[in-house]
Q: 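The structure follows.
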Amino acid sequence: MIFSKILNRWYSNNKRELPWRQTNNPYFIWLSEIILQQTQVSQGLPYYMSFIEEFPTVFDLAKAEESKVLKLWQGLGYYSRARNLHVTAKYIVKVLNGQFPNNYKDLLKLKGVGDYTASAIASICFNEVTAVVDGNVYRVLSRYFGIDTPINSSKGAKEFKQLAQEIIDQKDPATFNQGIMEFGATQCKPQNPDCESCPFQSSCVAFDRKMIHQLPVKNKLNKASKKHFNFLVILSKDQKTILEKRQGKGIWQNLYQFPLIESKKELVHKEIIVALKDHEFLKGNIFEVSLFNETAILHKLTHQHLFTKFWIISVDEIKREGISVNDIHNYPVPILISNFIDDFNF
DNA sequence: AAACCGGGGCT
DNA sequence: AGCCCAGGTTT
């Protein structure tokens, strides 16, 4: 029996009921696909619910302030997704009169939409025969066909895209695409795949050769670098503090944080005092410094390990523009900062 | 082609 | 500690 036939049957018996599977509206499908990039359903689902409630249409999203979009995205990570989501919403409203692109080629022009997302929207919403290749599809195809090309190489990307395009169901690409991803997510899992009850077992190359655990092949990634973050939590007698908006290229762009001193080595109390003397908003000011967490908090990102200390700095008054500590919850902040705000009991 | 970009969950 | 995840953009 052909691949897509078995897959279709498996999917109709095993698919999860998810909110974005109740619709073909490209706005909702686009939103769900952006949220689910690099993100598991369990993590993304509550964010999807918040977004469709707050922004029921692309017009509502386009009207919003970026900081509000980032606030709603807070904790989900890869914040360029949220910034691009907002940029694209405004583009669709202002340039395309609210009309969503209805084919792969035009979808690909949207910021934040690459090959995977364009294929997903084009197939699910418009029945276009374009195969999706996400982490699940890589895994399923590499195992089923016994392909050991590294999936995180440009050669692998081409090879698997072409293969997926060859076996996709021409009549129902939407079900095929969603089915193969769902199959990878819940049955042909990275660890402990359920081969015993798998409908593909008899024709799966990796199962036949006992190679399930060796596939897919992935090139090694670089090790995470280590950095030390010292956040300056400035508190004045009139209950004000300072938050700064992160500018530039690096992580957490356009999110807010306490003033930061970054260093390659761990800093102790004495060194912080020295560094503070030069700080513009403390120069000539009398202040006291205490350390909130004696041992640094380790915040792990994919490419960076951040050893973090929060320094509590008491001053009489904040000369520079400060914010009331009561308003601190309104700003979009990295989860690292958000956790501190909760622990500190602002 | 390689680097960069979060955070949570599992083993 | 290492690996995984419903990828895309920048360099």
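In what follows, every chain begins at residue 1, and chains take the letters A, B, ... in the order their sequences are listed. Computed from a predicted model, the values in this text were never measured in an experiment.
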Q: Would you indicate what A:Leu76 reaches in the nucleic acid, counting non-hydrogen atoms under 4.0 angstrom: base, sugar-phosphate, or nothing?
A: base

Q: In whole Å, measure the gap between the P atoms of B:dA3 and C:dA6 for me.
A: 24 Å

Q: Under 4.0 Å from any heavy atom of chain A: name the first and the last nucleotide of DNA chain C that qualifies, 5' to 3'.
A: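 Listed 5' to 3', the contact boundaries are C:dC3 to C:dT11.
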
Q: Does A:Glu128 use its side chain to pair, donor to acceptor, with the backbone of A:Asn103 at less than 3.5 Å?
A: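 The answer is no, because no donor-acceptor pair under 3.5 Å joins these two groups.
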
Q: Given B:dC5, is OP1 or OP2 found less than 4.0 Å from the side-chain N or O atoms of A:Gln38?
A: no

Q: Please list all pairs passing the salt bridge (charged side-chain N to carboxylate O under 4.0 Å, His left out) test where one or both residues lie in residues 183-192 of chain A, with sequence neighbours left out.
A: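 Sorted pair list comes back empty.
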
Q: Relative to the 5' end of DNA chain B, which residue comes earlier, A:Gln191 or A:Gln37, by the nucleotide with the nearest heavy atom?
A: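 That would be A:Gln37.
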
Q: Taking 4.0 angstrom as the limit, do A:Glu66 and A:Arg83 come out as a salt bridge?
A: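 Result for this pair is no, no salt bridge flagged.
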
Q: Look at the aromatic rings of A:Phe28 and A:Tyr48 and report parallel, tilted or perpendicular, splitting at 30° and 60°.
A: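 The rings of A:Phe28 and A:Tyr48 stand perpendicular, inter-plane angle above 60°.
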
Q: Send over the distance from A:Trp73 CH2 to B:dG7 C1', rounded to a whole Å.
A: 13 Å

Q: Between A:Glu54 and A:Lys68, does any NZ, NE, NH1 or NH2 come within less than 4.0 Å of an OD or OE carboxylate oxygen?
A: yes

Q: May I ask you to say whether A:Glu317 pairs ionically with A:Lys240, meaning some side-chain N is under 4.0 Å from a carboxylate O?
A: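 Looking at A:Glu317 and A:Lys240, the cut-off is not met.
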
Q: Any base atoms under 4.0 Å from A:Ser80, or only sugar-phosphate, or nothing? Heavy atoms, all strands.
A: nothing

Q: Select from A:Gly114 and A:Gln43 the residue whose nearest nucleotide in DNA chain C is closer to the 5' end of that strand.
A: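 Looking at DNA chain C, the more 5' nearest nucleotide goes with A:Gln43.
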
Q: Using a strict heavy-atom distance below 4.0 Å, which residues from residues 329-346 of chain A are in contact with DNA chain C?
A: none

Q: Quick one: do A:Lys155 and A:Glu159 make a salt bridge, cutoff under 4.0 Å?
A: yes

Q: Are any of the side-chain nitrogens in A:Arg21 or A:Glu182 under 4.0 Å away from the carboxylate oxygens of its partner?
A: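 Judged by the 4.0 Å cut-off on N to carboxylate O distance, A:Arg21 and A:Glu182 do form a salt bridge.
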
Q: Tell me whether A:Lys226 contacts the main-chain N or O of A:Lys264 through its side chain, where contact means a donor paired with an acceptor under 3.5 Å.
A: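 It does not hold such a pair.
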
Q: Residues of residues 171-185 of chain A with any non-hydrogen atom less than 4.0 angstrom from an atom of DNA chain C: list those, numerically ordered, please.
A: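 Heavy-atom cutoff 4.0 Å gives A:Met181, A:Glu182.
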
Q: Quantified in whole Å, what is the P atom distance between nucleotide C:dT10 and nucleotide B:dG6?
A: 14 Å

Q: Could you tell me how far apart A:Tyr79 (OH) and B:dC4 (C1') are, to the nearest whole angstrom?
A: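 Checked: the OH to C1' distance equals 16 Å.
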
Q: Rounded to whole Å, please give me the gap between CG in A:Leu36 and C1' in B:dG6.
A: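 Interatomic distance, CG of A:Leu36 to C1' of B:dG6: 15 Å.
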
Q: Just call it for A:Lys189: base, sugar-phosphate, or nothing, with non-hydrogen atoms closer than 4.0 Å on any strand.
A: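 Answer is nothing: A:Lys189 stays at 4.0 Å or more from every strand.
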
Q: Starting from C1' on B:dC4, measure out to CG on A:Leu301 and report it in whole angstrom.
A: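 It works out to 11 Å between those atoms.
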
Q: Got a sec: does the CD of A:Glu65 have more than 12 other heavy atoms crowding it under 6.0 Å?
A: no

Q: Answer with yes or no after comparing the ring centroid distance for A:Phe176 and A:Tyr11 against a 6.0 Å cut-off, counting only values under it.
A: no

Q: When you measure from every atom of DNA chain C, which of residues 245-254 of chain A have a heavy atom less than 4.0 Å away?
A: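 Those residues are A:Lys249.
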
Q: So what does A:Trp20 touch, heavy atoms closer than 4.0 Å: a base, only the sugar-phosphate, or nothing?
A: base

Q: Taking atom C1' of B:dC10 as reference, at what distance in whole Å does atom NZ of A:Lys300 sit?
A: 12 Å

Q: B:dC5 C1' sits how many Å from A:Ile34 CD1, rounded?
A: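 Nearest whole value for this atom pair: 15 Å.
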
Q: Of the residues in residues 126-150 of chain A, which ones touch DNA chain C at a heavy-atom distance under 4.0 Å?
A: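 Heavy-atom cutoff 4.0 Å gives A:Asp134, A:Gly135, A:Asn136, A:Arg139.
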
Q: Heavy atoms only: give me the nearest A:Pro26-A:Cys125 pair and the separation to one decimal.
A: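 Smallest interatomic distance, heavy atoms only, reads CA-SG, 3.5 Å.
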
Q: Base, sugar-phosphate or nothing for A:Lys220? Non-hydrogen atoms, less than 4.0 Å.
A: sugar-phosphate

Q: Categorize A:Ser42 for me: base, sugar-phosphate, or nothing, with a 4.0 angstrom heavy-atom threshold over every strand shown.
A: nothing

Q: Look at A:His299 and B:dG7 and indicate whether a side-chain polar atom (N or O) is within less than 4.0 Å of OP1 or OP2.
A: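 It does, given that an N or O in the side chain of A:His299 lies less than 4.0 Å from OP1 or OP2 of B:dG7.
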
Q: Between A:Ile167 and A:Phe145, does the side-chain contact (heavy atoms from CB on, under 4.5 Å) criterion hold? Intermediate values first, please.
A: CA-CA 12 Å; A:Ile167 64 169; A:Phe145 292 99; 4.2 Å; yes

Q: Distance check needed: B:dG6 P versus A:Phe229 CZ, whole Å only.
A: 11 Å

Q: Would you please indicate yes or no on a ring centroid separation below 6.0 angstrom for A:Trp311 and A:Phe231?
A: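 Here the rings of A:Trp311 and A:Phe231 have centres that are no less than 6.0 Å from each other.
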
Q: How many Å lie between CG on A:Leu45 and P on B:dG9, as a whole number?
A: 14 Å

Q: For A:Lys309 and A:Phe292, indicate whether the former's side chain and the latter's backbone hold a donor-acceptor pair under 3.5 Å.
A: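 Pair absent, no side-chain N/O of A:Lys309 close to backbone of A:Phe292.
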
Q: Show the nearest heavy-atom pair for residues A:Leu215 and A:Ile147, with the distance to one decimal.
A: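 Taking every non-hydrogen atom into account, CD2-O, 3.5 Å.
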
Q: Report yes or no: does A:Asp327 contribute a side-chain atom to a donor-acceptor pair with the main-chain N or O of A:Ile323 at less than 3.5 Å?
A: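 No; zero donor-acceptor contacts below 3.5 Å.
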
Q: Side chains of A:Glu33 and A:Tyr116 only: does a donor on one sit below 3.5 Å from an acceptor on the other?
A: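 Yes.
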
